[in-house]
Amino acid sequence: MGKRKKSSRKPAPARMKVPLDTTFTCLFCHHDKSVTVRIDRKEGVAQLVCRVCDQRYQSKVNHLTEPIDIYSEWIDAADEAQRAGESSTIRRPVASSHRPAPARAPSVDDSD
């Protein structure tokens, strides 16, 4: 058998939900609160735009996606693009039109 409810017990106060940021710092121009995220749940697309340098990013969304998630994806995509750019410069073959520098003529010392 269960206990009876006490009449003195009051319902717990509703927890205040801390709002998440919707404006962020741009990775490229470093301006605070210049990046905004617009989520179109009906279309399933989110767009991230910097108002200062016009940097853009677009991603697919679902019903759980928040603006901070899109910003985090943008950071990851920028890091991945930077790593891909660095690795491609290392592995890049020398162009066929590249000619070696001409050999220098031996210098003659006049001290003799």
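As the structure is a computational prediction, the values presented were derived from the model and not from experiment. As a basis for the values below, the full set of heavy atoms in this structure was taken, side chains included, without hydrogen atoms, waters or symmetry mates.
The aromatic rings of Y71 and F24 lie parallel to each other, their planes meeting at an angle below 30°, with 60° marking the opposite boundary.
Atom CD1 of I70 and atom CD of Q58 lie 10.0 Å apart (nearest 0.5 Å). Put simply, SG on C26 and NZ on K33 are 15.5 Å apart, with the number rounded to the nearest 0.5 Å. Remark: I68 CD1 to E73 CD distance equals 11.0 Å, nearest 0.5 Å. How far CD of E66 is from CD1 of I39: 6.5 Å, rounded to the nearest 0.5 Å.
Looking at R83 and E86, no side-chain N of the basic residue comes within less than 4.0 Å of a carboxylate O on the acidic one, giving no salt bridge.
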task = Determine, stepwise, if the pair C50 / W74 fulfils side-chain contact (heavy atoms from CB on, under 4.5 Å).
result = CA-CA 12 Å; C50 176; W74 180 47; 5.6 Å; no

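When the side chain to side chain donor-acceptor pair (under 3.5 Å) test is applied to D32, the partners found at least two apart in sequence or on another chain are T25.
At a threshold of 4.5 Å between side-chain heavy atoms, the hydrophobic network of Ile, Leu, Val, Met, Phe, Trp and Tyr places V61 and I75 in one connected group. Using a 4.5 Å cut-off between side-chain heavy atoms of Ile, Leu, Val, Met, Phe, Trp and Tyr, with links allowed through other members, V49 and F28 fall into different hydrophobic clusters.
Listed for the R51 side chain is no donor-acceptor partner under 3.5 Å among the backbone atoms of T36.
Considering only heavy atoms from C-beta on, R56 comes within 4.5 Å of D54 through its side chain.
L48 and V35 make their closest contact through CG-CG1, 3.5 Å (heavy atoms, listed as atom of the first residue, atom of the second, distance).
One side chain, N62 or T65, offers a donor N or O that lies under 3.5 Å from an acceptor on the other.
Within 6.0 Å of CZ in R38 there are 12 or fewer heavy atoms belonging to other residues, nucleotides or ligands.
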